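Below you'll find the structure, written out as C-alpha cells, and then a few comments.
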There are 2 protein chains.
Amino acid sequence: MQRVFEALSSQIRRKILAYLAHTDLTAGEIAARFEISKPAVSQHLTVLENAGLVTSEKRGQFVHYSLVADHLANTLSAYAQEVCPVSKPLKAESAALAKTRGS
Amino acid sequence: MQRVFEALSSQIRRKILAYLAHTDLTAGEIAARFEISKPAVSQHLTVLENAGLVTSEKRGQFVHYSLVADHLANTLSAYAQEVCPVSKPLKAESAALAKTRGS
DNA sequence: GTATGATTTAAGTCATTACCTAAATACATC
DNA sequence: GATGTATTTAGGTAATGACTTAAATCATAC
C-alpha cells in the first residue's frame with residue numbers, strides 16, 4: 001500500500017501506467033515517450049515494479065513491461081473503502097461501468 | 001490530481017484522512033493520535049488542505065478539520081478510469097456497496 | 001570475437017520533504 | 001491586561017527523491 005501510493009505520487013509514473021493500460025511496451029518505447037534520460041525512466045520502472053504495479057519480462061535484448069491492473073485497482077479501491085465507506089462517486093462510476101459492460 | 005496523489009503518498013496523511021472519515025477532529029485531537037510534534041502534524045494538514053482533501057474551520061481557539069470525501073473519491077476514481085478502463089475489482093466493490101445501501 | 005543496440009547499475013549533484021525546537025499569533029478566562 | 005491553551009509560523013537540519021553522465025551488462029549480428 002505504501003509503495004503503491006508512493007509510486008503514484010509521481011506524474012511521470014502515473015503516465016507510464018496510463019501508457020501501459022493501452023498496450024505492453026519495452027523500456028525503450030516507454031523512455032521515448034518522455035524527455036528525461038533512459039536511466040531515469042529505468043528508475044521509475046523499478047519503483048513501479050517494486051510496488052507491484054507493473055511486471056517485466058526479458059525477451060532477447062528487450063525488456064517488455066506490462067501493467068498489473070488488478071493490483072492498482074485493488075489498492076485504490078481498498079483505500080477508498082477505508083476512507084469513504086459510503087463512496088458515492090465511486091459507486092456512481094461503477095454503476096455506469098456495470099451498465100456498459102453488463103455484469 | 002498531482003497534489004492529491006502527493007498528499008496520499010504519506011502514510012501519516014492517509015491515516016489522518018482515515019480518522020477524519022469517522023468524525024471531524026480538531027488539530028490537537030489529530031496531533032494526539034501521532035507521535036510526531038504538533039507543528040509536523042500541522043504541516044501535514046496544510047498539505048491535505050492544499051490538495052483539497054480536507055477543509056478547516058476555526059471555532060474559537062480550536063480549528064476543526066473535516067474530510068472532503070467527494071474530492072478523494074472522485075480523484076481516485078478518475079485515475080482508476082484512466083488506467084483500468086475495465087476495472088473489475090473496483091466494479092465488484094461498488095456492486096457490493098450498492099447492494100448494501102440500496103442505490 | 002568485435003562492434004552495435006537495449007537496458008541497467010553506479011556515483012554524484014540538486015531540490016524537496018519531513019522533522020525538530022523556539023517563537024509568534026489568536027482566543028478564552030480571570 | 002496578564003495567564004494559559006490551541007495552533008501555526010519561522011528557521012534550520014537531516015533524510016529522501018529525481019535527475020544526470022559514464023560505465024557495465026547482455027544479447028545480436030557480422
Side-chain angles (χ1 to χ4, degrees), chain A residues 1-20 22-68 72 75 79, chain B residues 1-20 22-68 72 75 79:
Chain A
M1 176 94 134
Q2 173 59 28
R3 284 190 184 172
V4 169
F5 278 106
E6 218 169 275
L8 292 177
S9 72
S10 151
Q11 166 142 41
I12 288 185
R13 289 193 290 262
R14 288 198 306 277
K15 254 187 194 168
I16 290 175
L17 294 181
Y19 279 127
L20 291 178
H22 295 101
T23 178
D24 292 2
L25 292 169
T26 68
E29 290 170 335
I30 294 170
R33 284 161 169 76
F34 298 93
E35 300 207 327
I36 61 178
S37 70
K38 283 178 186 181
V41 172
S42 185
Q43 283 179 321
H44 284 305
L45 289 170
T46 299
V47 171
L48 289 170
E49 188 158 25
N50 286 339
L53 293 174
V54 305
T55 53
S56 65
E57 187 190 351
K58 184 159 191 173
R59 285 182 227 155
Q61 59 190 148
F62 298 91
V63 178
H64 294 254
Y65 282 88
S66 39
L67 178 69
V68 182
L72 175 54
T75 304
Y79 185 67
Chain B
M1 176 93 132
Q2 173 59 30
R3 284 189 184 173
V4 170
F5 277 105
E6 219 169 275
L8 293 178
S9 71
S10 150
Q11 165 142 43
I12 287 184
R13 289 192 291 261
R14 289 197 307 278
K15 253 186 195 170
I16 290 175
L17 294 181
Y19 279 127
L20 292 177
H22 295 102
T23 179
D24 292 2
L25 293 169
T26 69
E29 290 170 332
I30 294 170
R33 284 161 169 76
F34 297 93
E35 300 209 325
I36 62 178
S37 70
K38 283 178 186 180
V41 172
S42 185
Q43 282 177 320
H44 285 305
L45 288 169
T46 299
V47 171
L48 288 170
E49 188 157 26
N50 287 339
L53 294 174
V54 306
T55 53
S56 65
E57 188 191 350
K58 182 157 193 175
R59 284 182 228 154
Q61 59 190 148
F62 297 91
V63 178
H64 293 254
Y65 283 89
S66 38
L67 178 68
V68 183
L72 176 54
T75 303
Y79 185 68

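Because the structure is predicted, anything quoted here is derived from the model rather than measured.
Among the atoms of the strands shown, base atoms are found under 4.0 Å from some heavy atom of A:Ala40. Looking at heavy-atom distances under 4.0 Å, B:Thr46 makes no contact with the nucleic acid at all. Residue A:Phe34 is classed as having no contact, given no heavy-atom separation below 4.0 Å to the nucleic acid.
A:Tyr65 has its side chain within reach of A:Glu49: a pair of non-hydrogen atoms, C-beta onward, lies under 4.5 Å apart. B:Thr75 is not listed as a side-chain neighbour of B:Leu53, based on a closest heavy-atom distance of 4.5 Å or more. Residues B:Leu17 and B:Leu8 form a side-chain contact, since some pair of their non-hydrogen atoms from C-beta on lies under 4.5 Å apart.
On the nucleic acid side, DNA chain C contacts chain B at distances under 4.0 Å to non-hydrogen atoms, with the end points of that region at C:dT17 to C:dA28. When DNA chain D is scanned in the 5' to 3' direction for atoms under 4.0 Å from non-hydrogen atoms of chain A, the outermost contacting nucleotides are D:dG17 to D:dT28.
Position along DNA chain D of the nearest nucleotide to A:Arg59 versus A:Ser10 favours A:Ser10 as the more 5'-ward residue. Each of B:Glu6 and B:Lys58 lies near DNA chain C, and the nucleotide nearest B:Glu6 is the one positioned closer to the 5' end. Between A:Ile36 and B:Lys38, it is B:Lys38 whose nearest contact on DNA chain D lies nearer the 5' terminus.
The distance from the CZ atom of A:Arg14 to the CE atom of B:Met1 is 5.5 Å, given to the nearest 0.5 Å.
The shortest non-hydrogen separation linking B:Ile12 to B:His44 is CG2-CD2, 3.8 Å. Closest heavy-atom contact between B:Ala7 and B:Arg13: O-NE, 2.8 Å. Closest non-hydrogen pair, B:Val68 versus B:Gly52, comes out as CB-O, 3.5 Å.
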Please report the C-alpha distance between B:Val4 and B:Tyr79 in whole Å, then the side-chain angles of each, then the deciding distance to 0.1 Å, and finally whether the side chain to side chain contact (heavy atoms under 4.5 Å, CB included) criterion is met. CA-CA 11 Å; B:Val4 170; B:Tyr79 185 68; over 6 Å; no
